[in-house]
Amino acid sequence: QTVKKISPAVNAGCVCPYVYEQLDKFSQRDPVQSNKIIFVAGFGHPPNTDAALWFVKEVFPLIKMHQPDAVLYLIGSKPTEQVLKLKSDSIIVTGYVTDEALAEHYATARVAVVPLRFGAGVKNKVVEAMAYGVPLITTEVGMQGLDGAEKLVPVTSESQQFATAVCSVLDSDELWSTYANAGNAYVASRYSLPAMTATLANAFMTVK
């Protein structure tokens with residue numbers, strides 16, 4: 001739409017940029033019985049470090065008041081000194097992990113958070129969490145570019161609301177399943193091989 005506004009004569013359309021495979025493997029999962037919260041990010045990128053610091057300082061203490069056994073995993077490469085200093089008995093900073101280890105973290109996580117406060121574009125970490133069938137809580141910045149997904153998972157940039165949303169998923173298997181299944185289905189509709197095939201076919205059909 002933006003391209004069309006700038007130059008109406010240009011033939012432009014959206015194409016699915018990448019796909020997730022085996023999405024059906026993570027559909028209709030049984031709720032994970034743990035208090036594990038994960039934030040997956042490359043911490044060499046300033047918005048991700050800022051997100052970790054905000055979540056740990058402003059949101060995680062509120063979660064711990066409700067669920068003292070909650071454990072946060074900050075998963076990803078190049079953790080800064082600021083992120084490394086967040087380590088505690090309840091906060092694990094893993095550094096770089098392999099694809100296999102990352103898949104295991106998603107398999108054992110009760111909830112994924114993407115507490116970004118600035119940045120631009122579609123966030124792969126948001127799509128990835130939903131693809132794995134893990135309930136997601138994110139901010140308006142984290143939800144950028146994912147039209148309609150804000151109706152399927154909690155989206156808030158306010159610390160108390162963010163903590164409440166996380167605690168609700170920790171407490172309720174029914175809510176866990178609702179968010180997990182809705183997120184996975186959303187990715188299947190937008191970021192699967194059939195979705196890419198459809199968008200490519202439409203793009204070629206509209207070429208003049």
TODO: Would you name the heavy atoms of Leu170 and Val111 that are closest together and state the gap between them?
DONE: CD2-CG1, 4.3 Å
- [ ] Identify the two heavy atoms, one from Ala52 and one from Phe43, that lie closest to each other, and give their separation to 0.1 Å.
- [x] CB-CE2, 3.9 Å
Open item on the list: Could you report the tightest heavy-atom contact between Tyr186 and Leu146, atom names first, then the distance?
Closed with: OH-C, 3.2 Å
TODO: First locate atom CD of Glu104, then atom OG1 of Thr98, and finally report the distance between them rounded to the nearest 0.5 Å.
DONE: 10.0 Å
Task: Stepwise side chain to side chain donor-acceptor pair (under 3.5 Å) check, Ser159 with Glu58 - done: CA-CA 6 Å; Ser159 56; Glu58 302 294 335; 4.9 Å; no
Open item on the list: Closer than 3.5 angstrom, by distance alone: can the side chain of Lys78 be matched with the main-chain N or O of Gly95 as a donor-acceptor pair?
Closed with: no
Open item on the list: Quick check on the hydrophobic clustering: are Ile63 and Met65 connected, directly or via other members, by side-chain heavy-atom contacts under 4.5 Å?
Closed with: no
Open item on the list: Checking Thr156 against Thr139 for the side chain to side chain contact (heavy atoms under 4.5 Å, CB included) test, could you report, in this order, the C-alpha distance in whole Å, the side-chain angles of both residues, the deciding distance, and whether it holds?
Closed with: CA-CA 5 Å; Thr156 179; Thr139 60; over 6 Å; no
TODO: Provide the closest heavy-atom pair for Val93 versus Val83 in the form atom of the first, atom of the second, distance.
DONE: CG2-O, 3.6 Å
Open item on the list: So which atom in Phe60 and which in Ile37 form the shortest heavy-atom distance, rounded to 0.1 Å?
Closed with: CE1-CD1, 4.1 Å
Open item on the list: Is there a continuous path of hydrophobic side-chain contacts, each under 4.5 Å between heavy atoms, that joins Leu53 to Ile137?
Closed with: yes
Open item on the list: Under 6.0 Å between ring centres: does that hold for Phe162 and Phe55?
Closed with: yes
Open item on the list: Determine whether a donor-acceptor pair (N or O, by modelled atom type, separation under 3.5 Å) exists between the side chain of Thr164 and the backbone of Gln160.
Closed with: yes
TODO: Kindly compute the distance separating OH (Tyr179) from CG (Leu152), expressed to the nearest 0.5 Å.
DONE: 10.0 Å
Open item on the list: What I want to check is whether the side chains of Ser157 and Glu140 have a donor and an acceptor closer together than 3.5 Å.
Closed with: yes
TODO: Following the transitive rule for hydrophobic clusters with a side-chain heavy-atom cut-off under 4.5 Å over Ile, Leu, Val, Met, Phe, Trp and Tyr, establish whether Leu84 and Phe39 coincide in one cluster.
DONE: yes
- [ ] I would like to know whether Met130 and Asn184 meet side chain to side chain contact (heavy atoms under 4.5 Å, CB included); could you show each step before the answer?
- [x] CA-CA 5 Å; Met130 292 193 292; Asn184 176 267; over 6 Å; no
TODO: Show your reasoning for whether salt bridge (charged side-chain N to carboxylate O under 4.0 Å, His left out) applies to Asp171 and Arg110.
DONE: CA-CA 10 Å; Asp171 290 344; Arg110 178 74 179 190; over 6 Å; no
- [ ] Grab the two heavy atoms, one from Thr108 and one from Val32, that are nearest each other, plus how far apart they are.
- [x] O-CG1, 3.5 Å
Task: Between CG on residue Asn35 and NZ on residue Lys64, distance to nearest 0.5 Å - done: 9.0 Å
Task: Enclosure of Gln33 CD (heavy-atom neighbours >12, cutoff 6.0 Å) - done: yes
TODO: Scan side-chain atoms only and decide if Lys36 and His105 contain a donor-acceptor pair under the 3.5 Å cut-off.
DONE: yes
- [ ] Report yes or no: do Leu62 and Leu74 belong to one cluster of Ile/Leu/Val/Met/Phe/Trp/Tyr joined by side chain heavy-atom distances under 4.5 Å?
- [x] no
Task: Same apolar cluster (I L V M F W Y, side chains within < 4.5 Å links), Val166/Trp54 - done: yes
Open item on the list: Are Leu102 and Ile75 packed together at the side-chain level, in the sense that at least one heavy-atom pair is separated by less than 4.5 angstrom?
Closed with: yes
TODO: Look up atom CG in Asp50 and atom CD in Gln82, then write down how far apart they are to the nearest 0.5 Å.
DONE: 9.0 Å
